[in-house]
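Below is one structure, written out as structure tokens; the observations come after it.
Note that this is a predicted model, so its numbers are computed, not measured. Every chain is numbered from 1 and lettered A, B, ... according to where its sequence line falls, protein lines coming before strand lines.
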Amino acid sequence: MRIATWNVNSVRARLPRILPWLEEKRPDVVLLQEIKCLDEQFPREPIEELGYNIETFGQKTYNGVAILAKSRITDVQRGMRDDVEDRESRVITATVEDVMLVNVYVVNGQEVGAPAYEKKLEWLKRLRKLMWEQYMMTEKVVMAGDFNVTFDDRDVYDPEAWREKILCSSLEREALLRVMDAGLKDAFRKHVEEGGHYTWWDFRTRAWVGDHGLRIDHFLMSAPALRACTAVEIDRDARDGEKPSDHAPVIATME
DNA sequence: ATGGTGGGTTCCCCA
């Protein structure tokens, strides 16, 4: 089974890139973030024609997540279903075959110290609670998506310039590690030691041209899922060319 | 001190 995660930055604007990519890569499961549309606006037909089942948790203008899968999608949950109201569509969970999927679009945070930054830290606390309370790490659990957090300097093209900046601050990194202490590991680092592998390049600074990227899209896996994971690859080709998203897809291969 | 680009709204917000 191959599972992809991709922040598409509007599923409707990105459809000319998404459809040929699905045809070429044929992943078994795709976790999409920032679909930026309501459920009823999601372009279901052309994706269904390629053989995918679809579950969405949409929102007008901002955020929105979706799961595509060739196999049946069961146990779908929209939001964290805790005692806090989900005002934004940032999490959709489901089961496909023997894999429990958690698709997340983590709050960006804008800048360190901003109200959005505090919201990000609070949101990650909620996510941690979800993983502790609703998952058994003896199962194959795959949490993936846009985490808007780097793990360490290896994930940053210019670590000194980004030191304690948004996406790279110690508090964000600690909050992400706390989500993972339920029993999740960064699957990319099972396979790749060296730095310089990125998943996001800012449009505003034309970061793609100089490969000024950050690695903020991740696969976090429970031990049984990690054992089955034989590769995690970043599809840089999808970030190139005409009207790309600012994120590259990441594809995990499970034996 | 704060731009730059891109997407979706609505005359601006968020990334």
Side-chain angles (χ1 to χ4, degrees), chain A residues 5-21 30-44 46-47 56-66 79 86-92 103-124 127 144-150 155-158 160-169 171-173 175-176 198-218 234-250:
Chain A
T5 178
W6 194 4
N7 178 325
V8 289
N9 187 18
S10 170
V11 69
R12 291 176 294 174
R14 211 64 55 218
L15 210 55
R17 296 300 303 264
I18 294 172
L19 294 177
W21 180 84
V30 185
L31 309 178
L32 299 176
Q33 303 88 37
E34 278 207 275
I35 62 172
K36 288 188 170 178
C37 66
L38 296 165
D39 292 333
E40 58 266 34
Q41 296 171 319
F42 192 93
R44 299 185 67 91
I47 294 172
T56 62
F57 184 32
Q59 182 185 330
K60 189 181 174 186
T61 310
Y62 304 118
N63 313 312
V65 285
D86 273 296
R87 305 181 75 250
E88 299 183 330
S89 300
R90 294 182 175 276
V91 182
I92 184 169
N103 179 14
V104 301
Y105 174 48
V106 175
V107 176
N108 173 284
Q110 292 185 346
E111 62 177 311
V112 174
Y117 180 74
E118 301 303 324
K119 188 176 117 182
K120 179 179 198 172
L121 297 176
E122 287 302 312
W123 195 89
L124 285 167
L127 189 63
D146 176 2
F147 288 81
N148 273 316
V149 182
T150 55
D155 298 339
V156 185
Y157 78 91
D158 185 350
E160 293 316 316
W162 283 86
R163 188 74 63 208
E164 293 303 331
K165 297 289 198 302
I166 195 68
L167 315 179
C168 300
S169 73
L171 284 179
E172 292 165 77
R173 287 175 174 174
L176 177 56
Y198 312 128
T199 65
W200 171 78
W201 298 259
D202 199 339
F203 284 132
R204 289 168 288 189
T205 52
R206 298 186 177 89
W208 176 248
V209 179
D211 196 21
H212 295 170
L214 301 179
R215 191 174 72 94
I216 57 175
D217 301 84
H218 305 300
I234 301 164
D235 179 12
R236 293 175 59 98
D237 292 342
R239 177 62 179 79
D240 209 355
E242 283 289 300
K243 291 241 171 220
S245 168
D246 47 352
H247 294 253
V250 186

Exercise. Would you call the rings of H247(A) and W200(A) parallel, tilted or perpendicular if under 30° counts as parallel and over 60° as perpendicular?
Worked result: tilted
Problem set entry | Parallel, tilted or perpendicular: rings of W21(A) and W6(A) (30°, 60°) | tilted
Among [options], which nucleotide has an atom closest to any side-chain atom of [X]?
X       : options                 : value
N9(A)   : dG7(B), dC14(B), dG4(B) : dG7(B)
Y62(A)  : dT5(B), dA15(B), dG7(B) : dG7(B)
F203(A) : dG6(B), dG4(B), dG7(B)  : dG6(B)

For this session: Spell out, as yes or no, whether a donor-acceptor pair under 3.5 Å connects the side chain of N103(A) to the backbone of A66(A).
Result: yes
Problem set entry | Side-chain (R14(A)) to main-chain (K243(A)) donor-acceptor, under 3.5 angstrom | yes
What I want to check is whether the side chains of [X] and [Y] have a donor and an acceptor closer together than 3.5 Å.
X       : Y       : answer
D217(A) : T199(A) : yes
D240(A) : W208(A) : yes
T150(A) : R173(A) : yes

Length of the line joining [X]:[atom1] and [N]:[atom2], which is rounded to integer Å:
X       : N       : atom1 : atom2 : result
L167(A) : dA15(B) : CG    : P     : 10 Å
E88(A)  : dC13(B) : CD    : C1'   : 12 Å
L38(A)  : dG8(B)  : CG    : P     : 13 Å
K120(A) : dA15(B) : NZ    : C1'   : 11 Å
D202(A) : dC14(B) : CG    : C1'   : 12 Å
W200(A) : dG7(B)  : CH2   : C1'   : 15 Å
N7(A)   : dA15(B) : CG    : P     : 11 Å
L15(A)  : dG8(B)  : CG    : P     : 11 Å

For this session: Report the distance from atom OH of Y62(A) to atom CD of E88(A), rounding to the nearest 0.5 Å.
Result: 10.0 Å
Write down the distance separating the [atom1] atoms in [N] and [M], rounded off to the nearest Å.
N       : M      : atom1 : answer
dC13(B) : dG3(B) : P     : 14 Å
dT2(B)  : dG8(B) : P     : 29 Å
dA15(B) : dT9(B) : C1'   : 15 Å
dC14(B) : dG4(B) : C1'   : 15 Å

Problem set entry | Residue closer to the 5' end of DNA chain B, H247(A) versus I35(A) (nearest nucleotide) | I35(A)
For this session: Map V107(A) and R206(A) onto DNA chain B by nearest heavy atom, then report which one ends up closer to the 5' terminus.
Result: R206(A)
Could I get a table of every N or O pair under 3.5 Å where one atom is in the protein and the other is in nucleotides 9-11 of chain B?
| residue | atom | partner | partner atom | Å |
| --- | --- | --- | --- | --- |
| dT9(B) | O5' | T61(A) | OG1 | 3.4 |

Problem set entry | Canonical and wobble pairing (Watson-Crick, G-U, under 3.5 Å) of DNA chain B, dot-bracket with | | ....((((...))))
For this session: For R236(A) and D211(A), run salt bridge (Lys or Arg N to Asp or Glu O under 4.0 Å): C-alpha distance rounded to whole Å, both residues' side-chain angles, the deciding distance at 0.1 Å, then the answer.
Result: CA-CA 10 Å; R236(A) 293 175 59 98; D211(A) 196 21; 3.2 Å; yes
Problem set entry | E122(A)/K119(A) salt bridge by N-O under 4.0 Å criterion | no
For this session: Give a yes/no on whether any side-chain N or O of R204(A) is located under 4.0 angstrom from OP1 or OP2 of dA15(B).
Result: no
For this session: Tell me whether the OP1 or OP2 atom of dG6(B) has a side-chain N or O from R14(A) closer than 4.0 Å.
Result: no
